[in-house]
**Q** 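Okay, handing you the structure first.
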Amino acid sequence: MNGLISIYKRELTSYFVTPVAYVFIVIFLFMTGVFTFYLGAFYESNQADLEPFFRFHPWLYLFLIPAISMRLWSDERKSGSIELLMTLPVSITDAVVAKYLAAWTFTAIALILTFPMWITVNYLGEPDNAVILASYIGSLIMAGGFLAIGSCISALTKSQVISFVISVVICFMFILSGFPMVLDLFESWAPQAVIDAIASFSFLTHFTSIKKGVIDMRDVIYFSALITFWLYVNVVIVENKKAD
Amino acid sequence: MSQAIKIKSLSKSFGPIHAVRDVSFDVGHGEVLGFLGPNGAGKSTTMKMITGFLEPTSGTVEVDGHDVLEDALSVKRSIGYLPEGAPAYGEMTVRNFLNFIADIRELRGSTRNQRLNEVIETINIENVIDQTIETLSKGYKRRVGLAQAILHDPNILVLDEPTDGLDPNQKHEVRNLIKKMAKEKAIIISTHILEEVDAVCTRAIIISSGELLFDGTPEQLIAKSEQGDIDHAFRNITMSKTIKS
């Protein structure tokens, strides 16, 4: 536990001693604004809710989360600091979880900084703040899903670029699997159960219900299982590739 | 002299390459073991197995009575390790980096401050303490690596080329430091500099192509040469092996 906390603290502060954190947060806030007001037609919809804001989160995360996660392990392997880390008295599982939690906390900070959005909508009308809170929680959990994939992939390679590209592709597949264009491919021949299974793997399917303000246990279990799975694979990869 | 490190028929292969073959030796407290050999001889690989970074293909390593495979965390607690090239987190300042190591090594309260001050003073890194590690010269990076390794005052030190990249004065300081710590610790250092063996080591081991070729005192090593020259003795031992195989 001590090792986990030490690494968590080190990782989290390391975001803020380099420009990474500031660049990320500024771009994240800028992009959420652009998406909400232009693509999401926040004003034109004349509704006091943050649906146009949350609607684009999966797409923002698709590129921004791999940008955070790409260096988690690849950098450690490239610089050789993994040898230092792995010979300190800390288990691989603790190290993986600590790095992951630090990255997730960082994402949470970026998400919290979108609060002017919430102030705006409360100033303009009377939104259902319970729905907004649920949406925020849902968005954070979904970010955790993306991050677990990204963290795992970053352990596969020493190159941050490769890590980024592969993570984006895998995250993209997880988003797309709920889309009609993918499901239509299966519709004509696959049994309904298969189609449901594919659709149920989609981040969008699960995020859509959370976005409506309903935190269903099934969605929470889905994301928890997904995160656990990818982090478990992450541990296995670090174990096997640490010295390569 | 109790045995701090016990290595029994240790082997490591990477696919078809045998990096270390059937190496056995012990190191006791109070000993400074010089680990010699040409590049690629398997020195670093052996050190990585002792510190639990690499798993041996076969054979066992026991550190302070703990098996490195069964009780890796205890082994890692009792060892201070300077990996090859002294890797560290470049974006951190020296102070923050050492604080992180102190955190993870569970140094607390007054012991912590005392150890930090002591190490910063003995390693002589006071003047770069608030610089980020990536801006440091090679010699200072190496010293930070050394500081990190001795911070928790471990019983056992494994130092992979501790004087590489240091200027002659710094080399002298590091050698003195090793000699000073030698009394109660078991220390393994790897080096290319043969004079170092004579200067600090109580025992020398030569490995080449993963095999142990010599194990004895520096005096015995020098005796291997007709001219009484340690370089010559090293060549004799490592070259004859190459010719044979």
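Heavy atoms only: backbone and side chains are in, while hydrogens, waters and symmetry mates are out.
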**Q** Is there any residue in residues 88-104 of chain A with a non-hydrogen atom under 4.5 Å from a non-hydrogen atom of chain B, and which ones are they?
**A**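 Residues Leu88(A), Pro89(A), Val90(A), Ser91(A) are the ones that qualify, each having a heavy atom under 4.5 Å from chain B.
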**Q** Is there any residue in residues 135-150 of chain B with a non-hydrogen atom under 4.5 Å from a non-hydrogen atom of chain A, and which ones are they?
**A**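 The stretch touches chain A at Gln148(B).
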**Q** Answer with side chain, backbone, both or neither: which region of Phe14(B) has an atom nearer than 4.5 Å to a non-hydrogen atom of chain A?
**A**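 The answer is neither part of Phe14(B).
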**Q** Answer yes or no: does atom CZ of Phe56(A) have more than 12 heavy-atom neighbours from other residues, nucleotides or ligands under 6.0 Å?
**A**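 Atom CZ in Phe56(A) is packed in, count exceeds 12.
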**Q** Of the non-hydrogen atoms in Asp103(B) and Lys9(A), which two are nearest, and what is the gap between them?
**A**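 Closest approach of Asp103(B) to Lys9(A): OD2-NZ, 3.6 Å.
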**Q** I need the Thr13(A) OG1 to Met92(B) CE distance, nearest 0.5 Å.
**A**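 One gets 5.5 Å once the value is rounded to the nearest 0.5 Å.
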**Q** Below 4.5 Å from any heavy atom of chain B, which atoms of Thr18(A) appear? Answer side chain, backbone, both or neither.
**A**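 Only the side chain of Thr18(A) comes within 4.5 Å of chain B.
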**Q** If you count heavy-atom pairs under 4.5 Å with chain A, which of Glu84(B), Arg77(B), Arg105(B) comes out on top?
**A**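 Winner by heavy-atom pair count: Arg105(B).
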**Q** Assess whether atom NZ of Lys8(B) is packed by more than 12 heavy atoms of other residues, nucleotides or ligands within 6.0 Å.
**A**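 Open.
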**Q** Should we count CZ of Arg218(A) as having more than 12 external heavy atoms under 6.0 Å?
**A**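 No, not enclosed.
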**Q** Does a side-chain heavy-atom distance below 4.5 Å link Phe100(B) with Ser6(A)?
**A**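 Yes - at least one pair of side-chain heavy atoms lies under 4.5 Å apart.
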**Q** With a 4.5 angstrom heavy-atom cut-off, could you sort out which part of Ile101(B) is near chain A: side chain, backbone, both or neither?
**A**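 Only the side chain of Ile101(B) comes within 4.5 Å of chain A.
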**Q** Grab the two heavy atoms, one from Glu91(B) and one from Ser14(A), that are nearest each other, plus how far apart they are.
**A**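 For Glu91(B) and Ser14(A), the tightest heavy-atom pair comes out as OE2-CB, 3.3 Å.
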**Q** Can you tell which part of Ile7(A) gets under 4.5 Å to a heavy atom of chain B, answering side chain, backbone, both or neither?
**A**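 Both parts, heavy atoms under 4.5 Å.
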**Q** Which distance, rounded to the nearest 0.5 Å, do you find between the NZ of Lys76(B) and the OG1 of Thr87(A)?
**A**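 Answer rounded to 0.5 Å: 7.0 Å.
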**Q** Which atoms form the tightest heavy-atom contact between Ser79(A) and Pro87(B), and what is the distance?
**A**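 Between these two residues, the closest heavy atoms are O-CB, 4.0 Å.
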**Q** Run the side-chain contact (heavy atoms from CB on, under 4.5 Å) check on Tyr89(B) and Val17(A) step by step: do they pass?
**A** CA-CA 12 Å; Tyr89(B) 293 103; Val17(A) 296; over 6 Å; no
**Q** Return yes when atom CD of Glu184(B) has more than 12 non-hydrogen atoms of other residues, nucleotides or ligands closer than 6.0 Å, and no otherwise.
**A**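 Count over threshold, so yes.
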**Q** Could you grab the distance from atom CD1 of Ile104(B) to atom CZ of Arg10(A), nearest 0.5 Å is fine?
**A**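 Taking CD1 in Ile104(B) and CZ in Arg10(A), the distance rounds to 9.5 Å.
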**Q** Between Leu84(A) and Phe97(B), is the side-chain contact (heavy atoms from CB on, under 4.5 Å) condition met? List the steps.
**A** CA-CA 12 Å; Leu84(A) 175 76; Phe97(B) 179 66; 3.6 Å; yes
**Q** Quick one: CG on Asn240(A) to CD on Glu55(B), what's the gap to the nearest 0.5 Å?
**A**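 Reported to 0.5 Å precision, the distance equals 8.5 Å.
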**Q** Check the pair Glu83(A) / Tyr81(B) against side-chain contact (heavy atoms from CB on, under 4.5 Å), numbers first and verdict last.
**A** CA-CA 10 Å; Glu83(A) 186 167 355; Tyr81(B) 177 40; 2.4 Å; yes
